[in-house]
Structure formats: C-alpha cells, structure tokens
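Beneath this line is the structure, given in structure tokens, with notes to follow.
Naming convention: chains lettered A, B, ... in sequence-line order (proteins, then strands); numbering from 1 in each chain. Worth saying up front: this structure is predicted, and the values here are computed from it rather than measured. The analysis underlying the following values was restricted to heavy atoms, covering all of them including side chains, and did not include hydrogens, waters or symmetry mates.
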There are 2 protein chains.
Amino acid sequence: MQKTGQPTINDVARLAGVSKKTVSRVINRSPLLNGDTRKRVEDVIGEIGYIPNPQARGLALRRNFLIGLVHDNPNAQTVMNVQQGMLEALRGSEFEMVVRPLDRGSATMLQDLRHFLERQRLFGVLLMPPISENDSVAALCDSIGCRYVRMGSVALDDTDHMVASNDREAVCAATDYLIAQGHRRIGLVGGPHGFRSARERRLGFEDAMANAGIPLPRSMIADGNYTFDSGLVAAERLLDLTPRPTAIFSSNDEMAAGVIHAARQRGLDIPRDLSIIGFDDTPIAAHVWPPLTTVRWPMTSMARSAALKLIAGEDGMPAEVEEPSLFLSTLIRRASVAPPQASPAATAATPSDDPS
Amino acid sequence: MQKTGQPTINDVARLAGVSKKTVSRVINRSPLLNGDTRKRVEDVIGEIGYIPNPQARGLALRRNFLIGLVHDNPNAQTVMNVQQGMLEALRGSEFEMVVRPLDRGSATMLQDLRHFLERQRLFGVLLMPPISENDSVAALCDSIGCRYVRMGSVALDDTDHMVASNDREAVCAATDYLIAQGHRRIGLVGGPHGFRSARERRLGFEDAMANAGIPLPRSMIADGNYTFDSGLVAAERLLDLTPRPTAIFSSNDEMAAGVIHAARQRGLDIPRDLSIIGFDDTPIAAHVWPPLTTVRWPMTSMARSAALKLIAGEDGMPAEVEEPSLFLSTLIRRASVAPPQASPAATAATPSDDPS
DNA sequence: TTGTAAGCGTTATCAT
DNA sequence: ATGATAACGCTTACAA
C-alpha cells in the first residue's frame, strides 16, 4: 500500500510473489497464464482490494476511458433520457460519461469542441441533435481521431456512426390519424429552420396531407422554435384564420402546450373545438390538460445503442455489435384528439371516411 | 510529435531548446522563470498547439481532474439545472464532470458508490438530494478521501461541505400568502417520508398555519411521493372532504399538476374554486393551465457554488473561496391563486385581511 | 533560473 | 508461462 491508501499493481505483485507484468496479464485476462498463478494473483487482488488505476492504464495504453455526451440543451427530459441510455450501455464497463453542453449559436462552437476533444482525448462522443446534424462537427471528430455516433431524426451518416428515428413517417402517421378522425383543416406548428427534425416532421405532415388530397395553404403552417411561447404565438396565428383549423399538429410537446394555452385563452375546448397532437412524449404531454396525444420516439434505446456502437470491440464487448441504427416512433393516443365538431363551413370537401 | 498526433511536453522542450521541467514550469505558471525563456516556450506551445495530457498530469500529481455528480434521478429539470451550474463553475478549469446516477433504494447503493469513487479516484463529488441527505454517503466520501459538497433543503453539514435552500421558511411564506388571500381551509400534499425536503416543507406549512392560529386537522394532509399520479390521488382525498379545502399547497410542481387534474376532473375551476401553490418552479409550472404559483429555489446557483467549493484552491481558484452556503427561495406568483369564493360555510373565522 | 534523475501506475517488447 | 526493461507524459525532488 502506498501513502495514497490505494494498493497498486506493485503491492499485488509483491504479495503474490510474481512480477508486475503477470498481474497485468491477470487484469487483462491474458489467455496464456498458468491457472495456479492466476488464482494466486486473483486471491491477492481480492484480499487487498486492488483496483487498477484508470489514469495509469490510460497513459500506458495511450487511450482514455471517457465517453463524451455533446449536446445543445434541447429539452431537459430528452437529455436525461439520453444520459440514462448511455449510462445503461456503459454500466459495468470501464468507461465513464462526461457531459459537454455546447452553444450551437456561438461562433466558437467548433473551436470549443475541438479544444474539449483534444484536451480530454476522449475515447468517443455521442452527438445529440441538433448539433449532431452539423456535418462539420462529425468531420472534426474524425480529423481528431475521436470516435462518434450521431443521434438524429433521419439517417445522418453510415450505420456505424448514427442512430436515427423516423420522424417523417411518424408525423405522417399522426396526421393520418387526424385525417381519419375527419379533420380537413389541419394546421402545422413547425419547428425552427435549420433543425433537421423540424424539416422531417414538416415533410411528414405534408406527405399525409398530400396523400389524402387535402390542399395545404401556406397559411396553415406557422413556425415556432420549439419553445412554449413560440407555440403559443404560432397557434394564435393559426386560430385567427377563418375558418379556423379544427386540428393542429405541433412539432414538439412544449409548443403543443403553448397551443393549448392559446386555445384556452380563446375559450376553445380541447378536443371538442380543437384537436392537438404533439411530438416527443415528454412528461408535459401527460400532465397537461387534456392529456396530449403525441408521438413518442425511443430516445433512451437510441442512446443506449449509440453508446454500444461507440465501445464496440472494447472492454470485452463483442467486436462487431450489430446494434440497430433505425428506430421506430409510436403514436401515444390520449385525450387531445376527437372528431371535428359539425360546425358551419366544416365538411366542405368529402364527408366520407368519418369514423366513430 | 508522437504517432498519436498530439504533441507532448518533449516536443515543446526540444523545439524551445529547454528541458521538460522548464516547460512544465511554464505550464504550471511557476513564478521563478526567466521572462525570455517563458516567452520562448509559450510561443512554441502556441505554434504546435501543445496541450498537456490530463491523464499523465493526474498520474504524476497523484490526483484526478474529474468531479462527480451523484444523484438519484429527481426530476429531469432539476438535474439539468444542477449540471449547468456545475459546468459553469468548472468552465475554464481543467476539471470535467462525470455523472453518476444511483439507486437510492438499492441495497448495494453504498457499495456501488464506493466502487465508483475508488475506481475513478474522483477529485470530488457533488451530492444531490435526496441522496445528499444520507449521512453515510458523506461519511463514505470522507473515508475514501474524496471531497464532497451536499445540496439540501436545509443545512446538512458544515459550510464547506454543503449548500442549502430554506425550504421551511419558503413554504411558510407561501402558506402565509394563501392565508393573506383569505384562505382558512388549506390542504397540504406532502412529499414522501424519508425525504428531508418533504419534512422541511411540511414544517413550513405547519408553521404558517400555527402562526395564523388556524387548526390543522390531520385530514388536511395527504402525502404523495413527488409524482404526478401521487399528487392526483392525494388531491382526491383532500377534495373529498366536507367542507373541502379552498386551497392546496403541494410540496412539488409535479404533484401540483396532479392536483390540477384532480380538480378539473371534478369540474372545479382554478383558481375560483381552488387555489394551488407548488414548489420547484419547473417548466411544468408555467405551462400548466392556469399557470402555477410556485416556489422557486436557485438550484443552478447552488450547484455552481457547490462546485466552486469543491475546487477551491485548485487550478488557480482563490484558496479560500467564500461561496455562500445558504440560498433563498422566492414565491413566483402566477394565476393559480385567488381569494376563496364566498361559498356557504366558507368564511367561518375572520373575514378580515381580504385583499383585492 | 534551469536541468537531471527518479518516479507516478500501468502496459508493450523482448527475452528466458 | 513468466519476467526484466523500457516506455507513456508529466511532476517532484535535488542539483547546478
């Protein structure tokens, strides 16, 4: 035992009457080792509670046991779910997770990231959207020799470097559901320009409307920036229309909460006067009144797979993990959707496929 | 430059025509150094983009540049705010943050933590509530020689080892506000047993009622476990009372959201028929309908101070940072509180201090 | 003010 | 199958 309290490999070697290297072999599960010696060493290790020092190990191996999580503060719940997924994958491995928020807007963002990566010499990083959508970020990781996996709402890279959800199809299906309920005048509260997710969700919405042969005037689309307030403002614009929409798809839950507020401020009843669907299935969706029908994407599983891709071949993990790259979202039906009211000017087009 | 690509201290030394040690002195800002030499070395460092290797540094210094965040998944927003505060404090320093969720319920929780700390040899940890309330956790850190700072809703330790909010007083003030509005029949949705925060908040509530001379029958208190559903159930119990409460203080926002749902399901209007106050000021508070009056505690600032305490004296930080240990919460007044309706059986006591 | 030698705890190389 | 020896990149003695 050294003064630091923690026993070192030398202590083990001395006590077991072998060389450091032998102990090292035991630690690293070298196959060419006498069963006896191994046993003896393992016993000593157990007795004195020896734990290899990751710093020394990392130095000798010229590598590092840290995995970075790089994000640009999307909503808190998403980040937490991703952290949880990563940690699940890393659990039991020798890797730890270090978190690095970045300011997407900042001019020095790329520099900051480079500094971080070069300084810490991270083993790899998990890139969360929307930063993950930035190709130069991925290129930077590559050039520095830092592994990476990107999370996105659409395939952003080859399967070894990304996990993706199918936002476009999921929104299309959600909109189909609205249409199946009898809605024709459906508004879209879109996400911010430059966000791939916003684009995919909008495309999905347009797909559904086009498939149903419903014209989609530009006025039925109002963009927000994924915040509550922007959702409220966008909804006001939409609800000012005459005739006003009977349903609104919001590109995330937080904006959907804003839509609900806007509707409520006008005395509109949800879902009687207005149906609403959100996206993300954050806790807010279930806690809002009425509970919000929304699209759930498997962020935790995606993060877990992403992390597993990162450490594939390391630390006893199978060299070629075949983790999935594409993940499916599902529509969570709650109470914010109902067939449209038979109000004047409503069923202008086809009074057909009107369920229940 | 080595094969790894990154230049090392040797490269700098060679290029600058000095010894490693001199470069080391430059890096560590040693005072006894010829200005010329320093300049020359610094130039070389800048030119080749040398960055000291934290692993090697840590090994030589027998220390580590990682700060742990240990938590037991309270709500996501709280964890995110704390992470943000920590990161603000660590920004620009050589420290990184590694996150470690723990399962408070698990029998092996203490062992898990010990393993984590011994393996990683963390420089220090920030303990979030409710794990921070566990004295054996702090004792464990101590015994391992890992610095720690605890976050809590009341002073849990000496000022070097904790940051605390004043939950009791804050809840007392919030309840006073309800009383000042004219409420007399006020219910409490309490937090789970074993949580210090739950206890403090309840005490604050009782303080206010006692100060106002309002009797507080046991039936006016229903405990939940800080979740939406438990808040809903607790509220149902309270609202079943005859006469029913005209106001409810909920020990956190998530349960308050459950209270709102319960009230709405009975056709009660908020705040006309029922006033509600929550605690935490999570995003949910502002996004619920009506916007929730709630108590905000400065978690980000607390986390920042906690992290600064942790690294006091290190990395160029002043040796004796006098970071505050006690933090004040504030009541955020929104739309969920109003004077009680003049309904039958209501103003039994004093029809006095009735504002607005 | 600067350099030399030794060491931090581990692994790779090359013997034996 | 096992062990000396030299790294890994940096810092602390201790000299000069």
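Rounded to a whole Å, the CZ atom of Arg14(B) is 14 Å from the C1' atom of dG9(D). In this structure, CZ of Arg29(A) is placed 16 Å from C1' of dT11(C), rounded to the nearest angstrom. Atoms CZ (Arg63(B)) and P (dG9(D)) sit 20 Å apart, rounded to a whole Å. Atom CZ of Arg119(A) is separated from atom P of dC10(D) by 11 Å (rounded to the nearest Å). The CZ-P distance, from Arg121(B) to dT10(C), rounds to 7 Å in whole Å. Whole-Å rounding puts the Ile45(B) CD1 to dC10(D) P distance at 10 Å. As rounded to whole Å, 16 Å separates atom C1' of dT11(D) from atom CD of Gln55(B). Computed from coordinates, the Leu59(A) CG to dT11(C) P distance equals 11 Å when rounded to whole Å.
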Show your reasoning for whether side-chain contact (heavy atoms from CB on, under 4.5 Å) applies to Arg147(A) and Glu314(A).
CA-CA 12 Å; Arg147(A) 310 193 189 192; Glu314(A) 301 296 317; 3.3 Å; yes

May I have the step-by-step check of side-chain contact (heavy atoms from CB on, under 4.5 Å) for Ile67(A) and Leu122(A), ending in yes or no?
CA-CA 6 Å; Ile67(A) 305 272; Leu122(A) 295 180; over 6 Å; no

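Overall bending of the helix from dT1(C)-dA16(D) to dT16(C)-dA1(D), expressed as the angle between end axes built from five pairs apiece, is 40° (10° steps).
Note on Arg100(B) versus Glu96(A): salt bridge recorded, some NZ/NE/NH1/NH2 to OD/OE distance being below 4.0 Å. A salt bridge links Arg304(B) with Glu88(B): at least one charged nitrogen is closer than 4.0 Å to a carboxylate oxygen. Under a 4.0 Å N-O distance rule, the pair Asp36(A)/Lys39(A) does not qualify as a salt bridge. A salt bridge is absent between Asp43(B) and Arg40(B); no separation between the charged side-chain nitrogens and carboxylate oxygens falls under 4.0 Å. Electrostatic pairing of Arg150(A) and Glu133(A) does not count as a salt bridge here, judged by no charged N lying under 4.0 Å from a carboxylate O.
Taking side-chain N and O atoms only, Arg57(A) has a distance below 4.0 Å to OP1 or OP2 of dT11(C). Taking 4.0 angstrom as the limit, Asn34(B) places a side-chain polar atom (N or O) nearer than this to OP1 or OP2 of dT2(C). Distances shorter than 4.0 Å separate some side-chain N or O of Asn28(A) from OP1 or OP2 on dT11(C). Between Thr8(A) and the phosphate of dC8(C), there is no side-chain N or O to OP1/OP2 separation shorter than 4.0 Å.
Nucleic acid contact for Leu33(B): sugar-phosphate only, since backbone atoms but no base atoms lie under 4.0 Å from a heavy atom of the residue. Counting any heavy atom pair closer than 4.0 Å across all strands shown, Leu61(B) reaches sugar-phosphate atoms only and no base atom.
Interatomic distance, CE of Met302(B) versus CE of Met128(B), reported as 9.5 Å (0.5 Å rounding).
Between Ser30(A) and Arg38(A), the shortest heavy-atom distance links the atoms O-NH2, 2.8 Å.
Less than 4.0 Å separates DNA chain D from at least one heavy atom of each of the following residues of residues 18-25 of chain A: Val18(A), Ser19(A), Lys21(A), Thr22(A), Arg25(A).
Comparing Ala60(B) and Arg38(B), the nucleotide of DNA chain C nearest to each residue sits closer to the 5' end for Arg38(B).
Annotation: Phe123(B) is not in aromatic contact with Phe65(B) [ring centroid separation under 6.0 Å not met].
If you check dC10(D), dC8(C), dT10(C) against the side chain of Arg62(B), the one that comes closest is dC8(C). Distance from the side chain of Thr37(A) is smallest for dA1(D) among the nucleotides dA1(D), dT10(C), dC10(D).
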